[in-house]
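In this chain, numbering begins with 1 at the start of the sequence shown. Both ligands and their constituent atoms are indexed starting at 1 by order of listing.
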Amino acid sequence: MKISVIGLGFVGLSLASVLSAKGYNVQGIDVDKEKCANISQGRSPFFEPDLEKNLKKGLKNNLEISDDFLLIKDSDLIFVTVGTPQDTTGAIDLSMIKKAVRLIGKIISKSKKNPIILIKSTVTPGTMQKTILPILEKESKKKAGKDFGLISNPEFLQETTAIKDTKFPHVVVIGGNKTRFLEKMKKFFTKIHPNVPIIVTNHQTAEMIKYANNSFLATKISFINQLSNICQNIPGANIDDIAQTIGLDPRIGKLFLNAGPGYGGSCLPKDMKALINFADKIGIKPTLLDAVEKTNRKQLENVIQQISKSLGNLKNKRITVLGTAFKPNTDDIRDSIAIELIKKLLKEKAMITVYDPKAMKNTEKIFQNKIIYSKTTVDALKNSQCAVIMVNWKEFEKLNASMINKMNKKFIVDCRRVLVNKELDIEYYAIGIGK
Ligand code: UGA
């Protein structure tokens, strides 16, 4: 069986690496030549635990990486994993996926096989039937369901656990018309993921499941963040004890109740906006989703207010931002709340020093010489008037009194309650802890 994966981001590269490491014959295709050259050498373009190990194993087997789309010609399965970012209005931007399926259509027009095309990219409900299917049929001059299969196959992996999630997903969703291709894919996934629930449904439901998943996660985060604000005005209240306890109720569940400066990353913010935009377009006012988004934006304003309350006017104040990645264990800064914070503080003319264990290079690409880059946490604290802990990197837990003594003003805003259990003689403000 020959498998192609188009688009080598977190989803595509993890999938191509895992399938080829398992022994499948895989072609990984991406338009970015330089990226392909690096991946071919076993180097991942981003930091993701265990990815390179699987990639190298795959390359030793039958993994081929290329920017040449023609390689997909004789594929049995074609996974599409290209990005679907947001446009300036917050709506989904389908240009990359349209381009990819146009090419696929052209190439399969000449194929003697009956390939199955699986769309893993997140697309708003109706996109498969109204956009992707017509493009494929027009370009290939073939019929979906007869000459080739078309299946919605949304992805639920999280960055930082991408490999584990690819190998052991909690669910597999396959959506499409009831054809032999759908049956074939059910068998394929049952074979590689025995004991994992396989949900077979139609396209629009599969498309909606993905948005339901991400918007529910975002809702959980905004919920706990809102409660954390209430807790801050209840002397002695502790949001983590509350989250831990309600999490024990199986109807609630303990995950995604970690209060912080708001959700970021390349998925939750974009998918929330796309779903809100989509709901509006089909005549539904998404009041709850709007509130989730608004609560998320407000969370960062609260952090800035807290800084200003203590420092007054921020002009020329030295502020240290600890953690710039969108979450720990990644170098990804896309839609990171810490990056947003730095942009806002720079507007107030504050002087910013940053440190992140993995994301410095990416941070530098954005801010260049506008901010100062430190090599260690303690360096970043020197002469600072305020340190903001944005990301719960493990190493920030080692922060201690002697490191803090290097600060000009011993003032810490702890958005992740990393230091909450330490006895420190400092001005300390933690999200979700009542003063
Ligand atoms: C998210 C989803 O979790 C995945 O299931 C989904 O497949 C993926 O988007 C996607 O659509 O591609 P990811 O972007 O890797 O995965 O990030 P998350 O781990 O969900 O974290 C998102 C943001 O929420 C981060 O900024 C994180 O710090 C924040 N967060 C998360 C909290 O503030 N509190 C929590 O309890 C959990």
Q: Could you tell me whether some N/O pair between Gly262 and ligand 1 is separated by less than 3.5 angstrom?
A: no

**Q.** For atom 22 (C) of ligand 1, the option (of Ala259, Gly264, Ala162) bearing the nearest heavy atom
**A.** Gly264

(Q) I need the nearest protein heavy-atom contact for atom 27 (C) of ligand 1: residue, atom name and distance, please. (A) Phe326 O, 3.9 Å

Q. Can you find an N/O atom of Tyr263 closer than 3.5 Å to an N/O atom of ligand 1?
A. no

(Q) Suppose we measure from atom 8 (C) of ligand 1 to each protein heavy atom; which comes out shortest, and what is that distance? (A) Leu157 O, 3.5 Å

Q. Where on Leu217 is there a heavy atom closer than 4.0 Å to ligand 1, on the side chain, on the backbone, on both, or on neither?
A. side chain

Q.
I need the minimum non-hydrogen distance between Ser222 and Tyr263, along with the two atoms involved.
A. OG-CE2, 3.8 Å

Q) Is it true that the side chains of Ser310 and Glu427 contain a donor and an acceptor less than 3.5 Å apart? A) yes

Q.
Just to confirm my output: which protein heavy-atom neighbour is closest to atom 30 (N) of ligand 1, and how far is it?
A. Ile221 CD1, 3.5 Å

Q: Write out the residue and atom name of the closest protein heavy atom to atom 28 (O) of ligand 1, then the distance separating them to 0.1 Å.
A: Arg416 NH2, 3.1 Å

Q.
I'd like to check whether Lys327 has a polar contact with ligand 1, where a contact means an N/O of the residue lying under 3.5 Å from an N/O of the ligand.
A. yes

Q | Contact summary for Thr89 and Asn277, nearest pair of heavy atoms | A | O-ND2, 3.5 Å

Q) Under 3.5 Å, N or O to N or O, is Ser266 touching ligand 1 that way? A) no

Q: List the closest protein heavy-atom neighbour of atom 3 (O) of ligand 1: residue, atom name, distance to the nearest 0.1 Å.
A: Gln158 CG, 3.3 Å

Q.
Side chains of Ile104 and Ile107, heavy atoms from C-beta outward: is any pair under 4.5 Å?
A. no

Q) Tell me, which protein residue and heavy-atom name are nearest atom 9 (O) of ligand 1, and how many Å apart are they? A) Cys267 CB, 3.1 Å

Q) On the ring face of Phe256, is Lys220 found with NZ or CZ under 6.0 Å from the centre and within 45° of the axis? A) no

Q: Measure the distance from atom 1 (C) of ligand 1 to every protein heavy atom, then report the residue, atom name and distance (to 0.1 Å) of the closest one.
A: Leu268 CD2, 4.0 Å

**Q.** Min N/O separation Phe156 to ligand 1 under 3.5 Å
**A.** yes

(Q) Is there a polar contact between ligand 1 and Asn258, counting only N or O atoms under 3.5 Å apart? (A) yes

(Q) Would you call the rings of Phe188 and Phe79 parallel, tilted or perpendicular, taking 30° and 60° as the class edges? (A) tilted

